[in-house]
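Structure first, then comments.
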Amino acid sequence: MAYKISESCISCGTCEGACPIGAISQGEETYVIDADACVSCGACADACPVGAIAEAE
Ligand code: SF4
Ligand code: SF4
């Protein structure tokens with residue numbers, strides 16, 4: 001199950017650097033996770049200052 005970035009993302013970019021496989025990039029309104037590439041390590045969720053990242057249901 002991949003992780004997902006919610007609308008509360010403030011586009012700070014912290015998670016992009018935290019992802020070990022480069023699955024996160026800047027989208028139009030929020031940063032976005034490539035669900036096919038994500039290995040669900042959770043590093044991005046731990047790094048996000050506003051808690052905008054969680055495991056998708
Ligand atoms: Fe990258 Fe891990 Fe976050 Fe998936 S859970 S986007 S692999 S940091
Ligand atoms: Fe958005 Fe959180 Fe990533 Fe910053 S760390 S770009 S607030 S999802």
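Keep in mind that this is a model prediction, so the values were computed, not measured. In listed order, ligands and their atoms are each counted from 1. Any value given below was found using the heavy atoms of this structure, including those in side chains, with hydrogens, waters and symmetry copies removed.
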Enumerate the atoms of ligand 1 whose separation from the nearest heavy atom of P20 is less than 4.0 angstrom.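 This gives 8 (S) as the contact atoms.
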Between I5 and ligand 2, find which residue part has any heavy-atom pair under 4.0 Å and reply side chain, backbone, both or neither.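 Looking at I5 and ligand 2, just side chain atoms fall under 4.0 Å.
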Per-atom contacts of ligand 2 with [X], taking only distances under 4.0 Å to non-hydrogen atoms:
X   : answer
Y31 : 6 (S)
G13 : 4 (Fe), 6 (S)
V50 : 7 (S)
P49 : 5 (S)

Looking only at heavy atoms, which two atoms of A18 and A43 are closest? And how far apart?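 Minimum heavy-atom separation between A18 and A43: O-CB, 3.8 Å.
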Please report the closest heavy-atom contact between M1 and E55, naming both atoms and the distance.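 For M1 versus E55, the nearest heavy atoms are O-OE2, 3.7 Å.
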Residue pair V32, S25: steps toward the side-chain contact (heavy atoms from CB on, under 4.5 Å) verdict: CA-CA 6 Å; V32 291; S25 60; 3.8 Å; yes
Closest non-hydrogen protein atom to [atom], residue and atom name please, with distance?
atom                    : answer
atom 7 (S) of ligand 2  : I10 N, 3.3 Å
atom 1 (Fe) of ligand 2 : C9 SG, 2.3 Å
atom 4 (Fe) of ligand 2 : C12 SG, 2.2 Å

[X] side, atom [atom1]; [Y] side, atom [atom2] - distance, nearest 0.5 Å:
X   : Y   : atom1 : atom2 : answer
K4  : T30 : NZ    : OG1   : 8.0 Å
C15 : D46 : SG    : CG    : 12.0 Å
S11 : Y31 : OG    : OH    : 6.0 Å
E16 : C44 : CD    : SG    : 12.0 Å
S40 : I33 : OG    : CD1   : 8.5 Å

Environment of atom 3 (Fe) of ligand 1 in terms of protein N/O/S atoms, cut-off under 2.8 Å: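 Atoms qualifying: C44 SG.
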Atom 1 (Fe) of ligand 2 and C48: any N/O/S contact shorter than 2.8 Å?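 So C48 does not count as coordinating atom 1 (Fe) of ligand 2.
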Go through the steps to decide whether S8 and I10 satisfy the test side-chain contact (heavy atoms from CB on, under 4.5 Å), and finish with yes or no. CA-CA 6 Å; S8 41; I10 55 171; over 6 Å; no
Mind checking whether A47 has a heavy atom under 4.0 Å from ligand 2?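 Outside the 4.0 Å threshold, so no.
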Contact check, S6 vs ligand 2, heavy-atom distance below 4.0 Å: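 Not so, S6 does not reach ligand 2.
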For side-chain contact (heavy atoms from CB on, under 4.5 Å), just list the numbers for D34 and I24, CA-CA rounded to whole Å, side-chain angles, deciding distance to a tenth of an Å, and then say yes or no. CA-CA 6 Å; D34 179 347; I24 304 178; over 6 Å; no
